[in-house]
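One structure is given here, and the rest of the page talks about it.
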Amino acid sequence: MTLQQLRYVVMVADTGTITEAANRLYISQPSLTNAIHELEKEMGINIFNRSNKGISPSIEGEVFLGYARQVLEQAKVLEDKYKGDDGGKKSFCVSTQHYSFAVNAFVDLIKRYGQDEYDFSIRETQTYEIIEDVARMRSEIGILFMNDFNEKVLNKILRANDLEFHKLFVAKPHVFISRKHPLAKNDIITNEELEVYPYLSFEQGEHNSFYFSEEIFSTTERKKNIRVRDRATLFNLLIGLNGYTVCSGVIDEKLNGKDIISVPLADESDMRIGYIVHRKAILSRLGNTYLGALANYLTAGDTKGRDYIVPTAEEDGTVGRYEPEDSVKAQRKLQHRGRFNEMRDDGEPACGDVREKAAEHMREIKKNK
């Protein structure tokens, strides 16, 4: 097995045809076909399924391609270190639920490593597809949340796919609503107050189970339900229909716009937001830098205007610090993490006892009825 053979099979998988792959690799189709057959014979598997409709990776092939991409990425790192060049075009992919901080960190990664040539992908997609992407190593990192309701089911699926979950932070639930929503001036909102408004959520396709939902209170019965596929549509409907969705409260005005706000929801359940990786994979330099960017947005100091600093691996193996230009520091600020999630300088919640605030709000509602 050679690196060249690995490049061949990855190119075929990416293009979907032998003809296009051969053109991009500047070799003849017979040479490419023979190289793939030799690799399959050596490995003892069929990497691709062939049919009249074309060529596609087999189930075994998907796993093999995941490892092949990892090997090629590590080869680029070695070339970068010892050959004195940039190691060629850099590739990186992350799959995530619909979180603005995941997009912010992705932008900072590109500002750090985006040179003349790169091939980076961010997939805001369904929960099951996030797990599948990382399991098959199409994505190096996946970002999703767990709570007491879905944790047992998701952990079972993660273990079955050789994946592990790492917590980034714990968030109190918030409601995303329009700035002009009738409840926008509330310090806190209850589920009872939301009953008359449309509830918006991200649909999960054939895996549309409560356990795969991005919204924490999926089992609550709601009279008006709207499911969408993308974040822009959800926000437009929030504004146009006075709808709402339940989330972590982490919001970025630059990405989400000034018309969307987050208000604490009167419930004591937590969301444990984190990332998943393959147990057998080694995180690349790009993966580590992306996690560093995520950590920066989710630290206690992100609402205090601290500079953006990402841990990176130096040549001697020690952890260094990456500080971008002043323009980047000024642009990439997280507005706030939701009122229940803001922190004091000592790292404690700024809002105090959440449950007491919720109880006080409920007493006030009953008194005014």
query = Nearest heavy-atom pair of Ala105 and Ala293: which atoms, and what distance?
reply = CB-CB, 3.7 Å

Phe149-Val153 co-clustered via ILVMFWY side chain contacts under 4.5 Å = yes

request  = Check whether any side-chain heavy atom of Ser95 lies under 4.5 Å from a side-chain heavy atom of Glu129, and answer yes or no.
outcome  = no

Heavy-atom donor-acceptor pair, Arg123 side chain to Ser121 backbone, under 3.5 Å = no

key: Gap between atom NZ of Lys180 and atom CG of Asp259 - 0.5 Å precision   = 6.5 Å

Pairwise side-chain contact, Val94 with Ser139, heavy-atom cut-off 4.5 Å (strictly under) = no

ask   = Parallel under 30°, tilted from 30 to 60°, perpendicular over 60°: which one fits the rings of Phe235 and Phe176?
value = tilted

request  = May I ask you to decide if the ring planes of Phe92 and Tyr290 are parallel, tilted or perpendicular, using 30° and 60° as cut-offs?
outcome  = tilted

task = Specify the closest pair of heavy atoms between Leu154 and Phe145, including all atoms of both residues, with the distance to one decimal.
result = CD1-O, 3.9 Å

ask   = For the atom pair CD1 (Ile273) and NZ (Lys167), what is the distance rounded to the nearest 0.5 Å?
value = 11.5 Å

task = Flag the pair Ile110 / Val107 as yes when at least one side-chain heavy-atom distance between them is below 4.5 Å, and no otherwise.
result = no

ask   = Would you say Glu164's side chain and Arg279's backbone share a donor-acceptor pair under 3.5 angstrom?
value = no

query = Within the side chain of Asn288, is there an N or O that forms a donor-acceptor pair under 3.5 Å with the backbone of Ser284?
reply = yes

key: Check: Gln97/Tyr99 side-chain N/O donor and acceptor closer than 3.5 Å   = yes

request  = For the pair Thr245 (side chain) and Leu200 (backbone), establish whether a donor and an acceptor sit closer than 3.5 Å, ignoring hydrogens and angles.
outcome  = yes

note = Taking every heavy atom of Gly142 against every heavy atom of Val134, the minimum-distance pair comes out as N-CG2, 3.5 Å

inquiry  = More than 12 heavy atoms of other residues, nucleotides or ligands under 6.0 Å from CD1 of Ile27: yes or no?
reply    = yes

query = Do the non-hydrogen side-chain atoms of Ile36 and Ile18 ever get within less than 4.5 Å of each other?
reply = yes

message = Please determine whether residues Ile59 and Ile55 belong to a single hydrophobic cluster, defined as Ile, Leu, Val, Met, Phe, Trp and Tyr linked transitively by side-chain heavy-atom distances below 4.5 Å.
response = no

ask   = Is it true that a side-chain atom of Glu42 and a backbone atom of Met1 form a donor plus acceptor pair closer than 3.5 Å?
value = yes

ask   = Is Arg69 close to Asp14 at the side-chain level, that is, under 4.5 Å between some pair of heavy atoms?
value = yes

inquiry  = For a 4.5 angstrom cut-off between non-hydrogen side-chain atoms, does Thr125 reach Ile130?
reply    = yes

ask   = Under 4.5 Å between side-chain heavy atoms, hopping through other hydrophobics if needed: is there a path connecting Val63 to Ile141?
value = no

key: Member of Asp108, Leu109, Leu294, Leu283 meeting the side chain to side chain contact (heavy atoms under 4.5 Å, CB included) criterion with Thr289   = Leu109

inquiry  = side chain to side chain contact (heavy atoms under 4.5 Å, CB included) for Val246 and His174? Distances and angles first, verdict last.
reply    = CA-CA 6 Å; Val246 178; His174 284 63; over 6 Å; no

query = Got a second to check how far Arg136's CZ is from Phe64's CZ, nearest 0.5 Å?
reply = 15.5 Å

task = Go through Leu6 and Tyr67 one step at a time and tell me if the side chain to side chain contact (heavy atoms under 4.5 Å, CB included) criterion holds.
result = CA-CA 10 Å; Leu6 297 183; Tyr67 286 112; over 6 Å; no

request  = Any pair with a residue in residues 23-33 that passes salt bridge (charged side-chain N to carboxylate O under 4.0 Å, His left out), sequence neighbours left out, goes on the list, sorted by first then second residue, please.
outcome  = Glu20-Arg24

key: Of Leu194, Val263, Ile188, the residue whose pairing with Leu183 passes side chain to side chain contact (heavy atoms under 4.5 Å, CB included)   = Leu194

query = What pair of heavy atoms forms the shortest contact from Glu40 to Ile47, and how long is it?
reply = OE2-N, 2.8 Å

inquiry  = I'd like to check Arg272 versus Val170 (side-chain heavy atoms, cut-off strictly below 4.5 Å). Are they in contact?
reply    = yes

inquiry  = Hydrophobic cluster membership, with links at side-chain heavy-atom distances under 4.5 Å among I/L/V/M/F/W/Y: are Ile131 and Met137 in one?
reply    = no

Heavy-atom donor-acceptor pair, Asn34 side chain to His37 backbone, under 3.5 Å = no

inquiry  = With a 4.5 Å cut-off on side-chain heavy atoms, are Thr127 and Phe202 touching?
reply    = no

query = Is the backbone of Leu163 close enough, under 3.5 Å, to the side chain of Asn161 for a donor and an acceptor to pair up by distance?
reply = no

query = Tyr244 and His181: aromatic ring centres closer than 6.0 Å?
reply = no

query = Which pair of heavy atoms, one from Ala102 and one from Thr96, lies closest together, and at what distance?
reply = CB-OG1, 3.7 Å

task = Using the rule that two of Ile, Leu, Val, Met, Phe, Trp, Tyr join whenever any of their side-chain heavy atoms come within less than 4.5 Å, decide whether Leu32 and Leu3 are in one cluster.
result = yes

ask   = Shortest non-hydrogen contact from Leu65 to Ala13?
value = CD1-CB, 3.6 Å

inquiry  = Looking at Val196, is its backbone amide N or carbonyl O close enough to the side chain of Lys223 to form a donor-acceptor pair, meaning the two atoms are under 3.5 Å apart?
reply    = no

